[in-house]
Amino acid sequence: MKSDLIEINKVSLSFGDKPILKELDLTIGKGESLAIIGGSGEGKSVLLKCILGLIPQDTGSIKFMGSKITGKNKESFLSKFGMLFQGAALFDSLPVWENISFRDKYNKELTELDRRKLAKDTLELVGLPESTMELFPAELSGGMQKRVGIARAIVTNPHILFFDEPTSGLDSITAHNINKLIRNIVTRLGATTVTISHDISSVKVIADKIALLDSGSITWQGKKSDFESTNYPKVRQFRNPESF
């Protein structure tokens, strides 16, 4: 049985008079690959920012390994996650190898040669050649930028990976290749994975479990196989929007 790595309990958040999250409950099991889906403006990215501690919730609690993500526990949590931002969010002024090894930039135990080797080895995992290392983000295609973003997310062998709209802005063929890459890497690392996405084709490849965020709450969650068979109206709408 998988233990809960992250526990979200009765989390609420409003921006002014507008409620975004409403007593939201969700657990993320160790080794689980969870996708959080929902319509635009439903609060998916806000929830992710709350988990990461970028936005404080108004009420409720978020726990990592049974403890609230504060103080030393927050430092432990932050050291154990990798993040692929929407649009990759690479540093334009840094070459690929420095983007990938950025978290170790001020690690005195690692030389520049060490960081370059880390970048080279990680590029191989995401299917990019060593020649990519000296290129700058502007010289890369959208798909290559996503691969570099994934490399940066996994370079520290994190326990938890967060993907925010991993196929955003990509054509269907490139998106499919990125989905397969993410699935393979998640399997290889054995990491817990949380993916925010509205792309159901992406979710079906990456996720084992799916949670639907609707009107500020998780209104449905289950295994991927349950997602395919349930008659819950909102899930059916995501599966086949043309039928509504």
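Model, not experiment: these values are computed from the prediction. Because only heavy atoms are used, hydrogens play no part in the values below, and waters and symmetry mates are left out as well, while side chains stay in. We're numbering straight along the sequence, starting at 1.
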Legend entry - Partners meeting salt bridge (charged side-chain N to carboxylate O under 4.0 Å, His left out) with K49 (sequence neighbours left out): none
Legend entry - Rounded distance [0.5 Å steps], CD1 in I206 versus CD1 in I182: 4.0 Å
Inset, instruction - Check P95 against F136 and note the closest heavy-atom contact, atom names and distance. - result: N-CE2, 3.6 Å
Inset, instruction - Give a yes-or-no answer on whether the side chains of T187 and N184 include a donor-acceptor pair shorter than 3.5 Å. - result: no
Legend entry - Short side-chain to backbone donor-acceptor contact, N179 and A175, under 3.5 Å: yes
Legend entry - Sequence neighbours excluded - side chain to side chain donor-acceptor pair (under 3.5 Å) pairs with any residue from residues 128-157: R116-E134
Inset, instruction - Please collect all salt bridge (Lys or Arg N to Asp or Glu O under 4.0 Å) contacts where either partner lies in residues 180-197, sequence neighbours excluded, each pair once. - result: R183-D208
Legend entry - Pairwise distance CD1(I36) to CG(D164) - rounded to 0.5 angstrom: 10.5 Å
Legend entry - Pair listing, ring pair (Phe, Tyr, Trp, His ring centres under 6.0 Å) test, anchored in residues 17-70, at least two apart: F64-F77
Inset, instruction - Find the distance between CG (L94) and OG (S101) and round it off to the nearest 0.5 Å. - result: 9.0 Å
Inset, instruction - With rounding to the nearest 0.5 Å, note down the distance linking CG in D214 to CD in Q237. - result: 9.0 Å
Legend entry - Spatial distance of atom CG (L5) from atom CG (L34) [nearest 0.5 Å]: 12.0 Å
Inset, instruction - Please name all residues satisfying side chain to side chain contact (heavy atoms under 4.5 Å, CB included) with D171, sequence neighbours left out, ordered by chain then number. - result: I173, T174
Inset, instruction - Please indicate whether M65 has more than 12 foreign heavy atoms, meaning atoms of other residues, nucleotides or ligands, lying under 6.0 Å from its CE. - result: no
N/O donor to acceptor pairs below 3.5 angstrom from side-chain atoms of residues 52-62, sequence neighbours left out:
{"from": "Q57", "atom 1": "NE2", "to": "G60", "atom 2": "O", "distance (Å)": "3.4"}
{"from": "D58", "atom 1": "OD2", "to": "S14", "atom 2": "N", "distance (Å)": "2.8"}

Inset, instruction - Indicate yes or no for a side-chain donor-acceptor contact from K44 to the backbone of G38 under 3.5 Å, with no hydrogens or angles considered. - result: yes
